[in-house]
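Beneath this line is the structure, given in structure tokens, with notes to follow.
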Amino acid sequence: MSSSVSVAAEWDLLSDRFYRRITLYSPLPWSAPAIGATSSFSGGGGAVIGRLDLSTHIVAAAPFGGPIAAVRDDSKIVQLHSEPSRRRLLLFTSSGHPIASAPWPPLLPRLHSLAFSSSLSLVALLSDGSLLRFRLPDLQPTPSSSPVPLLPPASGGVADAVFWGGGVAVLTEDNRVVVTTDIEAADPHPRELADPGVGDEEQVLCMAVVEPQFVMSGSPEAYDNYQLISSSLPEAIEACIDAAGHEFDASRQRTLLRAATYGLAFCSRFPHERFQEMCKTLRVLNAVRDPEIGMPLTIKQYKLLTAPVLIGRLINANKHLLALRISEYLNLNPEVVIMHWACEKITASDTIPDTVLLEGLLDKLRLCKGISYAAVAAHADNSGRRRLAAMLVDHESQPSKQASYSSLLIPLLLSIDEQEKALSKAIESGDTDLVYLVLFHIWQKIAVEKNAPLDFFGLINARPLARELFMAYARHSKHEALKDFFLSTGRLQDAAFLLLKESRELEKNAMASKGSPLHGPQIRLIEQAHRLFAETKEHVFESKASEEHAKLLRSQHDLEVSTKQAIFVGSSVSDTIKTCIAMGNERAALKVKSEFKVPDKRWYWLKTCALATVGNWDALEKFSKEKRPPGGNLNPTGYKPFVEACIDAGQKTEALKYIPKLADPRERSEAYARMGMAKEAADAASQAKDSDELFGRLKLTLAQNSTATSIFDTLRDRLSFQGAY
């Protein structure tokens, strides 16, 4: 009975509601002087040394059991003992344990008030109406460290201010009210409210912001007699469970929950999941309310905050073990906790070798299946631990994820001189851009260090994709590198074909026909190709052809030098001979004929054509009389080249010198027909064996000549009549 009286005595009636004040933590660490105290605060999570007098400080307490911030109020006269004269910004847990401290920024207007936003950002309102934000937990000003002005010019400064959630209402010294609802934004948008109607001689004593979203209801009545409350039993059970949720004392929580379980035995229709859910919630709340953690959340605050947000606040306070246990207890994914721990571990382990640190990280990372190693690896890279980052990504067990991490992994591997491994990973990813990235990196390193590229060639030759990509690139821009690759890997024929391609490109050069300074290199390239082809058994033809080509270019080069005319290089053997004869240099033509074993039949054709081209008919006639042209059944050349050359040149008189010398009647007949001499063509045709076919062809040739057609018909009829007998 005494226990019930003592509990009831704690409640005070205010209007129509009962309230009570609860002592959560006593004594607070800052309220009792430590032995050997010499200063007010050591900072950085150390112990408080000496007594902290809150009456001389500007203090702000965060909502939802968050931390407490304090800074000495410089508007008050304070006796300094051994602490430094410069003010410091202090941060504590709700249980009074220090979290961090930092020097207060100098050269600022006087501080008016401190406050925490709903997202746990610390903001400071200065006397001139500007806002300064601090980052938790290290209390450093945010990147935009300059104060953000909230008041209009000439407002007279801040007279009073009230913070709530994400906003602040400022009463200026000239009795204007300015409200800003987005103090956490990089560029807040303050707006002035309507004139409150306060006279110049009047003074505003206080102001408040009504927050209707935080309204709480109750304490249920208990009944001792089951018969009296059977109809209201579910409500009574719910009241006990709800009261336990609002209770901070663990023993009272147990008492209320035992009462609820007693009622559950007599009420089958009450959902038991509600009781189990409350037990889980209270275990979480009691854990974070512990003085070592110092987050005295109410159950309503916890529900508004939600478990994931609470876990986020715990890991930001480096309470990773508790955050992990709560995640596992509530069946939440512990990935975010483990990843944050891993990142903090990397940051705090500058002196630990990469291999040792990796083992410690993997022990924890493996606890969470499917965890992403990318964020941890990226943090290691940003912290200057590139080798560790590469090793972390390399331990990714899921191929699909490892492929997506390739863009992160490969540059890391290259930065720590793991070129071969980087190339293998790039090929595994199937991304040709990444393969090219590795190839260019290795090639550039070879160029800078002036090393032989043999190791590089061996590296890519064993990897088909890398080999093909390198070859495709080198064919367009790095012929020498490609040639060295072919030679080093035994692909002699490919190197030879590449040399021939280079010779053709050299031939296209505009300078190649201006005095031939490039013909020497061009010839040497073809000769090199010949030697490479000669070392393979499968390319005998290419070897012989390149040899002949080089020999021809040398001959043509010598001719251009001797004649001082750049007209030979690039032409065929036949054209070279014809050009020499046309220029009157038959000795040079005979030399080319001998070097390249030009047959007599071809020689006759070339010489007659050349002499006819320049109109040297006397020389042509003389040539026809020097030696009987090659003829016979197997090589029926004879005088036909002379006739063809004269007819093509339109020299009928010259052609008539050689037509009668044609041994074949068919050739004589066709020659006469081409010159329009129908009678002579018919006479020659009559001497041929297949005269009918020949007559038909000649008739078509001379179709426009009616006289010639009549001659052919008469002669054919005569031959047919003679054949009948």
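Just so it is clear, the structure is predicted and the values come from calculations on it, not from any experiment.
- In this structure, CG in L357 is found 9.5 Å from CG in L362, a value given to the nearest 0.5 Å.
- A pairwise comparison of heavy atoms in C368 and I338 identifies CB-CD1, 3.7 Å as the closest pair.
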For residues 432-439, which side-chain donor-acceptor pairs fall under 3.5 Å, sequence neighbours excluded?
{"unit_1": "Y436", "atom_1": "OH", "unit_2": "L469", "atom_2": "O", "d": "3.0"}

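- Within the 4.5 Å cutoff, no side-chain heavy atoms of W341 are placed close to those of L365.
- For the pair E344/H340, a side-chain contact is recorded, criterion being any heavy-atom separation below 4.5 Å from C-beta on.
- Across all their heavy atoms, K578 and A610 have their closest contact at O-CB, 3.5 Å.
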Show, in sequence, the C-alpha distance, side-chain angles and deciding distance for T347 and K345, and conclude whether the side chain to side chain contact (heavy atoms under 4.5 Å, CB included) test is met.
CA-CA 5 Å; T347 302; K345 182 70 173 178; over 6 Å; no
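- Atoms CG and SG, on D648 and C609 in that order, are 7.5 Å from each other to the nearest 0.5 Å.
- In plain terms, the two heavy atoms of L392 and A380 that are nearest each other are CD1-CB, 4.4 Å.
- For the pair D381 (side chain) and A377 (backbone), a donor-acceptor distance under 3.5 Å is absent.
- Here the side chains of L606 and K593 are not in contact, with every heavy-atom distance at 4.5 Å or above.
- Closest of all the heavy-atom pairs between S424 and R463 is OG-NH2, 3.4 Å.
- Counting heavy atoms from C-beta on, the side chains of L388 and R386 never come closer than 4.5 Å.
- Counting heavy atoms from C-beta on, the side chains of L361 and I346 come closer than 4.5 Å.
- For the side chain to side chain donor-acceptor pair (under 3.5 Å) condition, the pairs that include at least one residue of residues 351-361, sequence neighbours left out, are D354-R385.
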